[in-house]
Amino acid sequence: MKITGVELRRIAMPLVAPFRTSFGTEHDRDVLLVRVVTPDAEGWGECVAMSEPLYSSEYVDGAAAVIRRFLLPALPDNVDAYGVGHALEPIKGHRMAKAALETAVLDAQLRASGESFGQFLGATRDRVPCGVSVGIMDSIPQLLEAVEGYLDEGYIRIKLKIEPGWDVEPVRAVRERFGDEVLLQVDANAAYTLVDAQQLARLDDFGLLLIEQPLANDDLVQHAELAKRLRTPICLDESIESAEHAAAAISLKACSIVNIKPGRIGGYLEARRIHDLCRAHGIAVWCGGMLETGLGRAANVALAALPGFTLPGDTSGSRRYYATDITEPFELDGGHLTVPSGPGLGVDPVKEILEEVTTSTEWIPL
Ligand SMILES: CSCC[C@@H](NC(=O)CCC(=O)O)C(=O)O
Ligand SMILES: [Mg+2]
């Protein structure tokens with residue numbers, strides 16, 4: 001496909017409530033959208049980088065700069081989604097920036113061919129079960145009220161953010177209040193070290209599905225050591241930035257479950273590679289989230305419909321984070337979201353809403 005030009009658009013998306021994790025509290029998202037224009041169609045990609053490099057080393061201003069200065073000039077005149085990854089190979093890192101560009105090219109390509117993301121990726125279902133991520137709260141009662149609300153909305157799985165000082169007690173309180181049947185897991189966002197192994201082992205009493213990213217993103221050896229001391233399965237998120245990382249984690253027995261976040265690992269093509277690798281090794285995967293708008297959410301829901309995604313993902317309804325989404329809102333139906341079936345992402349930004357939340361646009365002709 002010949003790319004005529006690319007738009008870099010920033011939008012300001014206030015969250016319906018502060019979202020606190022072990023690395024900070026989000027009140028709103030400054031989102032970078034990439035729109036690729038070709039003679040036959042245009043496509044959208046959403047960059048999941050946060051405003052500050054606290055989840056990973058990427059941040060949204062940096063992603064925009066690397067796309068403008070390095071990624072776009074590296075694209076050949078004619079390119080398809082597979083060609084994007086190949087062309088960007090020499091550029092190290094910046095996977096969230098690369099993912100946004102590759103996704104926009106893939107969306108344009110699929111809208112032109114009439115194929116949906118789900119069809120292209122190999123989805124085997126037309127709806128997916130949904131989990132929800134619950135932030136660290138000021139008190140246990142506040143947490144229980146939030147969890148009750150999400151269970152009432154129909155969420156099939158609850159994920160609690162934890163950190164040292166907020167781990168065993170909130171998990172115990174949720175178990176005591178809502179029972180042992182609720183699918184429950186925790187996410188530490190790398191807040192612990194191996195010194196905390198005994199504290200983390202106390203979580204084994206609560207029948208959790210998994211403990212997500214307990215230790216540092218760059219330490220597979222320590223995760224492998226911790227896995228020997230816990231009964232609860234370890235799931236990696238920040239540590240897995242490529243299929244190679246997933247292969248290393250599996251061979252080192254650093255995890256037995258993988259959270260696949262297409263933005264973190266460089267796009268949906270790599271996400272499918274990691275899905276295929278994990279499936280071949282009997283490793284369950286689920287689709288993580290980065291508070292995406294309906295554009296990124298559409299692609300994630302399609303990915304979550306692949307056969308190896310056997311655990312509910314952080315594919316929540318739009319209203320989990322946004323009072324008004326930039327697309328038609330994704331709404332839970334019986335604890336599930338429907339996989340979009342239209343060409344490409346199968347959703348489009350609502351023009352008036354997009355204009356309202358836009359803080360800047362930049363057109364880059366190619
Ligand atoms: C601001 S926290 C973003 C990263 C976090 N994401 C979530 O907890 C789920 C967010 C979502 O529902 O999109 C994770 O480490 O898994
Ligand atoms: Mg996580």
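Atoms considered below: every heavy atom in the structure, side chains included; atoms not considered: hydrogens, waters and symmetry mates. From a predicted model like this one, the values you see are computed outputs, not experimental measurements. Atoms within a ligand are numbered from 1 in the order they appear, just like the ligands themselves.
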Side chains of D187 and Q213, donor plus acceptor under 3.5 Å
no
Could you list the atoms of ligand 1 found under 4.0 angstrom from a heavy atom of F23?
2 (S)
Counting each atom of ligand 1 from 1 as listed, which ones have a heavy atom of E26 under 4.0 Å away?
1 (C)
K261 pairs by side-chain hydrogen bond (donor to acceptor under 3.5 Å, both in side chains) with which of N300, D237, D314?
D237
Per-atom contacts of ligand 1 with E212, taking only distances under 4.0 Å to non-hydrogen atoms:
16 (O)
Does D276 come within less than 4.0 Å of R272, counting only side-chain N to carboxylate O?
no
re atom 8 (O) of ligand 1, the protein heavy-atom contact at minimum distance is S133 OG, 2.8 Å
Are any of the side-chain nitrogens in E163 or R20 under 4.0 Å away from the carboxylate oxygens of its partner?
yes
Are a donor atom and an acceptor atom from the side chains of E238 and S56 found within less than 3.5 Å of each other?
no
Min N/O separation S316 to ligand 1 under 3.5 Å
no
Which pairs with one or both residues in residues 8-53 pass ring-ring contact (aromatic ring centres under 6.0 Å, His included), sequence neighbours excluded?
F19-Y321
Region of N189 that comes within reach of ligand 1 [heavy atoms, distance under 4.0 Å]:
side chain
Please determine if F19 has a nitrogen or oxygen closer than 3.5 Å to a nitrogen or oxygen of ligand 1.
no
Give a yes or no on whether a salt bridge exists between R229 and D204, defined as a side-chain N under 4.0 angstrom from a carboxylate O.
no
Check this for me, if you would: do R10 and E362 make a salt bridge, where the nitrogen-to-carboxylate-oxygen distance has to be below 4.0 angstrom?
no
Please classify the M290 to ligand 1 contact at 4.0 Å (heavy-atom distances, strictly less than): side chain, backbone, both or neither.
both
Taking atom types as modelled, is there a side-chain donor on R9 or T358 under 3.5 Å from an acceptor on the other?
yes
Suppose we measure from atom 9 (C) of ligand 1 to each protein heavy atom; which comes out shortest, and what is that distance?
D314 OD2, 3.4 Å
closest protein heavy atom to atom 1 (C) of ligand 1 is M50 CE, 3.2 Å
For D187, the atoms of ligand 1 under 4.0 Å from one of its heavy atoms are 14 (C), 15 (O), 16 (O)
Just distances here: any N/O of R297 and N/O of ligand 1 closer than 3.5 Å?
no
Residue and atom name of the nearest protein heavy atom (relative to atom 16 (O) of ligand 1), distance in Å to one decimal
K159 NZ, 2.9 Å
Just by distance, with hydrogens left out, do K159 and Y150 show a side-chain donor and acceptor under 3.5 Å apart?
no
Ligand 1 contacted by Q213 (non-hydrogen, < 4.0 Å):
no
Report, in ascending order of atom number, the atoms of ligand 1 lying under 4.0 Å from any heavy atom of K261.
4 (C), 5 (C), 6 (N), 14 (C), 15 (O), 16 (O)
Numbered atoms of ligand 1 (with element) below 4.0 Å of D237, judged on heavy atoms
14 (C), 15 (O), 16 (O)
Closest non-hydrogen protein atom to atom 6 (N) of ligand 1, residue and atom name please, with distance?
G289 O, 3.0 Å
For the CD atom of E225 and the CG atom of L230, what is their distance to the nearest 0.5 Å?
10.0 Å
Shortest protein heavy-atom distance from atom 13 (O) of ligand 1, along with the residue and atom involved:
L291 N, 2.8 Å
Can you measure from CG (L143) to NZ (K161) and round to the nearest 0.5 angstrom?
13.5 Å
State plainly whether one hydrophobic cluster holds both L209 and L226, where clusters connect Ile, Leu, Val, Met, Phe, Trp and Tyr through side-chain heavy atoms under 4.5 angstrom apart.
no
Ligand 1 to K161, heavy atom cutoff 4.0 Å, flagged ligand atoms 5 (C), 7 (C), 8 (O), 14 (C), 15 (O), 16 (O)
Would you tell me whether E46 and T293 have side-chain atoms, one donor and one acceptor, within less than 3.5 Å of each other?
yes
Any salt bridge between E148 and R177, counting N to O under 4.0 Å?
yes
Taking the cut-offs as 6.0 angstrom to the six-membered ring centre and 45 degrees off its axis, would you call R157 and W286 a cation-pi pair?
yes
Which protein N, O or S atoms does the Mg ion (ligand 2) have within a distance shorter than 2.8 Å?
D187 OD2, E212 OE2, D237 OD2
Is there a polar contact, in the sense of an N or O pair closer than 3.5 Å, between Y321 and ligand 1?
yes
